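In this text the structure is predicted, and so the values were computed from the model without any measurement. In what follows, every chain begins at residue 1, and chains take the letters A, B, ... in the order their sequences are listed.
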Amino acid sequence: MRHAADRILSLLLLGLAAFIAVQAWHLEVPFSYDPVGPKAFPLLLAGLLALLAVVLFVRPGPNGEWPSGALLLRLLVVMGLLVVYAALFIEAGYLLITALVSVAIAWLFGASPLKALVGGVLLALGSYLLFTYALGISLPTGSWIEPLLGAN
Amino acid sequence: MFDFLIQGFGVALTPLNLGLAFLGALLGTLFGALPGIGPINGIAILMPLAYTLGLPAESSLILLAGIYTGSEYGGRMSSILLNVPGDAGAVMTTLDGHPLAKKGLAGPALGLSAVSSFIGATVAILGLTLFAPLLAIVAVKFGPAEFFALMIFAFASMSAMMGKDPLKTLIGAVLGVLISTVGVDSGTGVLRFTFDMPELYDGIDFVVMIIGLFAVSEILLMLEHAFRHDQDGEMAPIGRVMVKLSEVLYCKWAILRSSVIGFVIGVLPGTGASVASAVAYTTEKRISDHDNSFGTGNMRGLAAPEAANNASAAGSFVPMLTLGIPGSGTTAILLGALMLYNINPGPMMFREQPMVVGGLIASLYIGNVMLLLLNLPLAGVFARVLQVPRWLLVPSVAILAFVGVYQLHSDLMAIYLMLAIGVFGYLLRKFGFSLAPVVLGFVLGGLMEENLRRALSISGGDLAILWQSGLSIGLWIAAAAVAFIPLFAGRLKAKFLPARSA
């Protein structure tokens, strides 16, 4: 069982090597001054990777524990949060989205709701002040805030 | 011959650079002390900020090098106080450091480890000052064939010395080299592996790669860790941080031997602090453990790995500055940082960029003294950061990662790519890979291909050019010799290394 992960990995690596080899083979090189060109190096690497993958298949090593159940779910949720963070980073503006994501992550990492709320909001505010005023970095303010500012 | 050093002190002693050296020492100690954030993470997170602040190359390198050396100091704190190594280089420090703390000797243990860190780093910085210019003179004679052989040697010594599994170290390095081939081929203008995405034409950006690989994957690992072990255990009370002269004298040979071991291992391309401290510890155990008290709180068992890991940090600058081949995962990142400034590290750097090389080396001397002064009286203050809860640490890492990448690219694609690389890094780590070989492969890949192709175009495609000079033959032999070490390493490890509890 513990060796199964390495065997799966080795098959994936073999697939990757094959993919690279095919891609490299189909590169169209218009002209080339050097005798090797851009194809040879990836082909060489693909061959090496395939060889190493075969060795891994024959001699797999023990792996660590893989997350499952609730832990896996949490990992996916954190990844999802980071994707949301990325997606809304410019739209929602740094302050708002950073606060929301920080609170959510803090809560997922086991802080009590109140601590998560206070900590996340302070973190967003503090980092905003640090980045904009101390380091002179401009951060997105968010497109929703501009009409509000204009109305005032 | 040492003009660069005089010039360097001129650079390092400007108020800005002194301030940055201090900031680096301070932040580095903090990063080292925080569990899970070692030198690589610290530098990965701060590199884009240093770059966007518009600091000149030497200033930014002084800051980043300060973080590197500082975190080798800081890593010992959680090792001693919590029995949790702050980073890979501090694993061996737990073996005798934590038992000392449990005996109520946390204060003296912190004091002694600070002093031995200082001595180890000093010995190695002196070694760097002496040997780097000499090596640079030899390295000027390197042609493309020699450089290619040298990189093969770097990968061979890395796979022999680093990580639990030499096979996976090699696979990781190949993956890193493969990632470096993405983008426009500089020789012909052909697009490789870009999948019609214009964002990939310039290749995978170094900062995006490093932050994704280390910072984002660390977030996922920290979540796992927090979930599996709800508490990190009790922190040992510190007491007064102090060290008696008699204690330092008791350890003097252990410290000096380990400093030399650490320096030599640091110089070897591809190997870093974790190997240095392990070798130093096992050597010292063999030589001076007369009553079998290593592992139960022997002062020498604490001093040896601490001297060695700090010495290796300074030592790993030697191949980076003279050959353009990083001595450790962390110097691989520093190398990438230099490339952001369009500086190609290598033998010509001593002549072409004396300000950068000299400034860096001079700042290591200065930073090392600052670190000793910071770490003796203030160890107790730094130790408080160990109590920063994970739920605050993790969003902070995420924020720094996002702002860092956004600052450089103002582009959502770069952030998505960073996240994807983060998942890739997490999977690699779960499969038992260390990330340093991947970074090394990524940083060296471009150079490796360039040198191979240049060598072969000189010879008109004849592979024999790769082993025609005495120098390159020597490097191939060295690479082959090093590659056979793993065959014996397993036996050596079983003999000398006690089982790890982590």
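With rounding to the nearest 0.5 Å, the separation of CZ in B/F424 from CG in B/L435 is 9.0 Å.
When heavy atoms are compared at a cutoff of 4.5 Å, B/L170 approaches chain A by way of both its backbone and its side chain. Looking at A/L45, the atoms closer than 4.5 Å to chain B (heavy atoms on both sides) sit in the backbone and in the side chain alike. Looking at A/L72, there are no atoms closer than 4.5 Å to chain B (heavy atoms on both sides), in backbone or side chain. Looking at B/E449, both its backbone and its side chain come within 4.5 Å of chain A, counting heavy atoms on both sides. Contacts of A/V101 with chain B are absent, with no heavy-atom separation under 4.5 Å from either backbone or side chain. Proximity to chain B involves both the backbone and the side chain of A/V55, based on heavy atoms less than 4.5 angstrom apart. The part of A/Y94 that comes within reach of chain B is its side chain, from C-beta onward, which places non-hydrogen atoms under 4.5 angstrom from that chain. Contacts of A/L27 with chain B are made by side-chain atoms alone, with heavy-atom separations under 4.5 Å and no backbone atom involved. With a threshold of 4.5 angstrom between heavy atoms, B/V405 does not approach chain A through any atom at all. When heavy atoms are compared at a cutoff of 4.5 Å, B/I458 does not approach chain A at all. When heavy atoms are compared at a cutoff of 4.5 Å, A/A40 does not approach chain B at all. The part of A/F19 that comes within reach of chain B is its side chain, from C-beta onward, which places non-hydrogen atoms under 4.5 angstrom from that chain. Of the two parts of A/L16, only the side chain, counted from C-beta on, holds a non-hydrogen atom closer than 4.5 Å to a non-hydrogen atom of chain B.
Between the side chain of B/T194 and the backbone N or O of B/L191, no donor-acceptor pair lies under 3.5 Å. Formation of a donor-acceptor pair under 3.5 Å by the A/K115 side chain with backbone atoms of B/W391 is not found in this model. Within the 3.5 Å criterion, the main-chain N or O of B/M222 finds no donor-acceptor partner in the side chain of B/R390.
Smallest separation of non-hydrogen atoms from B/L16 and B/S59: CD2-OG, 3.8 Å. Residues A/S102 and A/L123 come closest through the heavy atom pair OG-CD2, 4.2 Å.
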message = Run the side-chain hydrogen bond (donor to acceptor under 3.5 Å, both in side chains) test on B/T181 and B/R192 for me, step by step, so that the C-alpha distance in whole Å, both residues' side-chain angles and the decisive distance to 0.1 Å come before the verdict.
response = CA-CA 7 Å; B/T181 61; B/R192 291 195 297 191; 5.2 Å; no
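Remark: B/Y406 engages no residue in a side chain to side chain donor-acceptor pair (under 3.5 Å) (not counting sequence neighbours).
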